[in-house]
Amino acid sequence: MANSASQEEKAKVGKGKRNLLKNELSYLMQSMSPLVSSKRHVERLLVIAMQGAFFKFYFVLYLLSPKLAHRVVGYMEEEAIYSYTLYLNDIDRGEIENVPTPAIIIDYWRLPKGTIQKDVITVICADEAHHRDVNHFASPWEIYQA
């Protein structure tokens with residue numbers, strides 16, 4: 001019985017790995033949509049260059065220590081949750097306008113029509129929390145204990 005539970009947990013981790021890139025690219029496109037849709041080619045090139053640099057760094061890190069790589073991503077997800085929480089606080093205080101959500105984002109997240117920005121950020125934050133948990137599960141603490 002314990003073996004089947006372990007296989008189910010491994011399947012969840014594998015599913016999380018497959019969806020991670022798709023989700024992260026979706027977040028980037030959603031948050032950077034004004035930049036990406038603009039005619040500022042220098043900014044677009046900068047975004048692509050940073051993605052390439054991170055991919056190379058993460059690829060080497062994963063080859064050296066997959067568990068450490070997952071731990072790093074887990075911490076990055078924690079920072080994303082913190083940032084999204086600050087964003088939600090700014091919306092609540094009225095510092096950022098709570099605008100209607102574009103149709104492409106509503107379709108991607110399968111949200112109801114009339115969804116506002118705060119709803120989308122809340123869904124993304126919850127998804128980031130799931131990614132954090134998956135990555136921390138994939139890198140147990142005992143690898144760091146001497």
Task: Where Ile81 and Arg132 come nearest, the two heavy atoms and their spacing - done: CD1-NH1, 3.4 Å

Open item on the list: Can a donor-acceptor pair be found, under 3.5 Å and without considering hydrogens, that links the side chain of Thr115 to the backbone of Thr101?
Closed with: no

TODO: Might you work through the side chain to side chain contact (heavy atoms under 4.5 Å, CB included) test for Tyr75 and Arg71, ending with a clear yes or no?
DONE: CA-CA 6 Å; Tyr75 288 133; Arg71 182 62 65 182; 3.5 Å; yes

Open item on the list: Within this structure, what is the OG-CD1 distance for the pair Ser83 and Ile124, rounded to the nearest 0.5 Å?
Closed with: 12.5 Å

Open item on the list: So, taking the atom named NE2 in His70 and the one named CG in Leu61, what distance separates them when rounded to the nearest 0.5 Å?
Closed with: 10.0 Å

Open item on the list: Show the nearest heavy-atom pair for residues Thr85 and Cys125, with the distance to one decimal.
Closed with: OG1-SG, 4.2 Å

TODO: Report the distance from atom CG of Asp133 to atom NE2 of His136, rounding to the nearest 0.5 Å.
DONE: 7.5 Å

Task: Donor-acceptor contact present, side-chain Asp127 to main-chain Val123, <3.5 Å - done: no

Task: Residue pair Leu68, Tyr62: steps toward the side chain to side chain contact (heavy atoms under 4.5 Å, CB included) verdict - done: CA-CA 7 Å; Leu68 178 59; Tyr62 200 88; over 6 Å; no

TODO: For residues Gln117 and Ile91, determine if any side-chain heavy atom of one lies less than 4.5 Å from a side-chain heavy atom of the other.
DONE: yes

Task: Neighbour count above 12 (heavy atom, 6.0 Å) for Glu97 CD - done: no

Task: Nearest-0.5 Å distance, NZ of residue Lys118 to CG of residue Asp90 - done: 12.0 Å

Task: Which residues share a ring-ring contact (aromatic ring centres under 6.0 Å, His included) with Phe54, sequence neighbours left out - done: Tyr58

- [ ] Enter the distance from Ser139:OG to Asn135:CG here, rounded to the nearest 0.5 Å.
- [x] 7.0 Å

Open item on the list: If hydrophobic clusters are built by linking Ile, Leu, Val, Met, Phe, Trp and Tyr wherever their side-chain heavy atoms come under 4.5 Å apart, do Tyr87 and Tyr82 end up in the same one?
Closed with: no

Open item on the list: Count I, L, V, M, F, W, Y as connected when their side-chain heavy atoms are under 4.5 Å apart, and connections chain through other members. Are Ile104 and Val99 then in the same cluster?
Closed with: no

Open item on the list: Rounded at 0.5 Å granularity, tell me how far CD1 in Ile116 sits from CG in Asn98.
Closed with: 3.5 Å

Open item on the list: Would you say that more than 12 heavy atoms from the other residues, nucleotides or ligands in this model lie under 6.0 Å from the CZ of Arg110, or not?
Closed with: no

